[in-house]
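Notes to accompany the following structure.
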Amino acid sequence: MQRCLMVLAGLSIASAAASLAAADRFPAAGGDIEITPIIHSSVQVEHAGKVIQVDPWSAGDLSRAKQADLILISDDVGHHLDVKAIERLRKPGAPVIIPANGRKQVPDGIVLDNGKTTVAGGVRVEAIAAYDLKPGPPAHPRGEANGYVVTLGGKRLYFAGVTECVPELKALRDIDVAFLPMNIPVERMTPAAAAACAKQLKPKAVYLYHYDQDYAARLTNPSAKPRGLPGGITVDQSLQLFRDALKGASVEFRQGAWYPPARR
């Protein structure tokens, strides 16, 4: 039985390779910014010959992912900080920006605390606080994890990490492309809350990511018990609820291929 589960998990991972087939493009100075969703919160960003990998995770198909000039890690949990994925995709000497809780796993990483800014690999990077407002496990305390704003070709891209719509997020301005999480236990960043957050942030385009927690859990542990979503809705229904709640806002929703269709 366990062998069957492992085979099925492998097939699901292989199916995720389709997410690397085509990149979304956003015009910017010096050429288009290319964005390729990989899996869950793993994103590849390219601009003017530079490659940025955000939260690379070996559970996705990295065979066609590009070597990184810069790697951004949002937290120390395995699907955000995967040492094997970092080693596989990191160009020699490429900077890896981490929160302080990742120091042991990436000893030569650049620790960037909430609210701090640096230039790494020729890219301006701002660390934005990412944390819970609603108490309860799984806990994401304030000060431990990062979201990031990166500036490429005059455009500002925001990778929120795992967070609720905290004041530091609401204070951001002039975001062109945002990546927001959804369906975080326990009833954090529900579709309505995520849409309200997108309306507050007012990016030109928004992606949802890190929204199928049960799928991600099965990749780590094939026997993981599903938590489901509040009200018994499906993941696809939660995406539709987000779309519906976003109507009327001048924010474009981009649907990323973070998970294979076979998960449904």
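Every value quoted in this text rests on a predicted model; they were computed, and no experiment measured them.
- A donor-acceptor pair is defined here as one N or O able to donate and one able to accept, closer than 3.5 Å; such a pair exists between the side chain of Asp214 and the backbone of Arg227.
- Clustering ILVMFWY residues whenever any of their side-chain heavy atoms sit less than 4.5 angstrom apart, transitively, puts Leu180 in the very cluster that holds Tyr211.
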Could you walk me through whether Ser238 and Met182 satisfy the side-chain contact (heavy atoms from CB on, under 4.5 Å) test, starting with their C-alpha distance in whole Å, then the side-chain angles of each, then the deciding distance to 0.1 Å, before giving a yes or no? CA-CA 9 Å; Ser238 73; Met182 189 174 74; 3.4 Å; yes
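- Put simply, the residue from Ile33, Ile35, Ile52 that forms a side chain to side chain contact (heavy atoms under 4.5 Å, CB included) with His47 is Ile33.
- In the hydrophobic clustering of ILVMFWY residues, with side-chain heavy atoms under 4.5 Å counting as a link, Val43 and Val123 come out together.
- Put simply, Ile86 and Val125 are part of two different groups of oily side chains (I, L, V, M, F, W, Y) that touch within less than 4.5 Å, one to the next.
- Here the side chain of Asn146 pairs a donor or acceptor atom with the backbone of Leu112 at under 3.5 angstrom.
- Phe26 contributes atom CZ, which lies 7.5 Å from atom CG of Leu157 (distance to the nearest 0.5 angstrom).
- Under a 3.5 Å cut-off, the side chain of Arg188 and the backbone N or O of Lys134 do form a donor-acceptor pair.
- Taking CG of Asp32 as the reference point, atom CD of Glu46 lies at 11.0 Å (rounded to 0.5 Å).
- The only member of Ile39, Ile71, Asp82 that meets side chain to side chain contact (heavy atoms under 4.5 Å, CB included) when paired with Pro56 is Ile71.
- Contacts of Lys247 classified as side-chain contact (heavy atoms from CB on, under 4.5 Å), with partners at least two apart in sequence or in another chain: Asp244.
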Test side-chain contact (heavy atoms from CB on, under 4.5 Å) on Val77 and Val162 and set out the steps. CA-CA 11 Å; Val77 182; Val162 179; over 6 Å; no
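- Looking only at side-chain heavy atoms (C-beta outward), Lys155 and Val177 stay at 4.5 Å or farther from each other.
- Under the 3.5 Å distance criterion, the side-chain polar atoms of Gln200 are left unmatched by any main-chain donor or acceptor of Ala195.
- Hydrophobic clustering of Ile, Leu, Val, Met, Phe, Trp and Tyr side chains at less than 4.5 Å, counting indirect connections, keeps Val54 apart from Ile98.
- Counting non-hydrogen atoms of neighbouring residues, nucleotides and ligands closer than 6.0 angstrom, the NZ atom of Lys199 exceeds 12 such neighbours.
- Taking a cutoff of 4.0 Å between a charged side-chain nitrogen and a carboxylate oxygen, Asp176 and Lys204 qualify as a salt bridge.
- To the nearest 0.5 Å, atoms CZ (Arg142) and OG1 (Thr163) are separated by 10.5 Å.
- Residues meeting the side-chain hydrogen bond (donor to acceptor under 3.5 Å, both in side chains) test with Glu144, sequence neighbours left out: none.
- Residues Cys165 and Lys170 form a side-chain contact, since some pair of their non-hydrogen atoms from C-beta on lies under 4.5 Å apart.
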Full working for side chain to side chain donor-acceptor pair (under 3.5 Å) between Asp75 and Asn101: CA-CA 7 Å; Asp75 203 352; Asn101 60 14; 3.0 Å; yes
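- Residues Leu229 and Val186 do not share a hydrophobic cluster, defined by chaining ILVMFWY side chains whose heavy atoms lie under 4.5 Å apart.
- With His40 as reference, Tyr259 is the one residue of Tyr259, Tyr215, Trp258 to meet the side-chain hydrogen bond (donor to acceptor under 3.5 Å, both in side chains) rule.
- Not one N or O on the side chain of Asn183 forms a donor-acceptor pair closer than 3.5 Å with the backbone of Gln213.
- Taken from CD in Gln53 to CD1 in Ile38, the straight-line distance is 4.5 Å, to the nearest 0.5 Å.
- Between Ile73 and Val106 the shortest side-chain heavy-atom distance does not fall below 4.5 Å.
- Taking a 6.0 Å sphere around CZ of Arg243, one finds it holds more than 12 heavy atoms contributed by other residues, nucleotides or ligands.
- Between atom OG1 of residue Thr118 and atom CG of residue Asp113 there is a gap of 11.5 Å, rounded to the nearest 0.5 Å.
- Expressed to the nearest 0.5 Å, how far CD of Glu252 lies from CG of Leu246 amounts to 10.5 Å.
- Atom NZ of Lys84 sits in a sparse spot, with 12 or fewer heavy atoms from other residues, nucleotides or ligands closer than 6.0 Å.
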Would Asn114 and Tyr131 count as a side chain to side chain donor-acceptor pair (under 3.5 Å) if you check the C-alpha gap in whole Å, the side-chain angles of each, and the deciding distance to 0.1 Å? CA-CA 11 Å; Asn114 293 170; Tyr131 58 95; over 6 Å; no
Quick one, Ser63 with Asp61, criterion side chain to side chain donor-acceptor pair (under 3.5 Å). Give me CA distance, side-chain angles, the key distance, then yes/no. CA-CA 6 Å; Ser63 64; Asp61 180 4; 2.6 Å; yes
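- The closest donor-acceptor contact from the side chain of Arg156 to the backbone of Pro203 lies at 3.5 Å or more, if one exists at all.
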Test side-chain contact (heavy atoms from CB on, under 4.5 Å) on Leu70 and Lys50; report intermediate values, then the result. CA-CA 8 Å; Leu70 171 65; Lys50 290 185 183 294; over 6 Å; no
Using the rule given for side-chain contact (heavy atoms from CB on, under 4.5 Å), can you reason through Val51 versus Gln44, listing the C-alpha separation, both sets of side-chain angles and the distance that settles it, and then say yes or no? CA-CA 7 Å; Val51 176; Gln44 176 174 282; 4.2 Å; yes
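- In this structure, the ring of Tyr209 has its center no less than 6.0 angstrom from the ring center of Phe159.
- Residues His140 and Pro138 are in side-chain contact: their nearest non-hydrogen atoms beyond the backbone lie under 4.5 Å apart.
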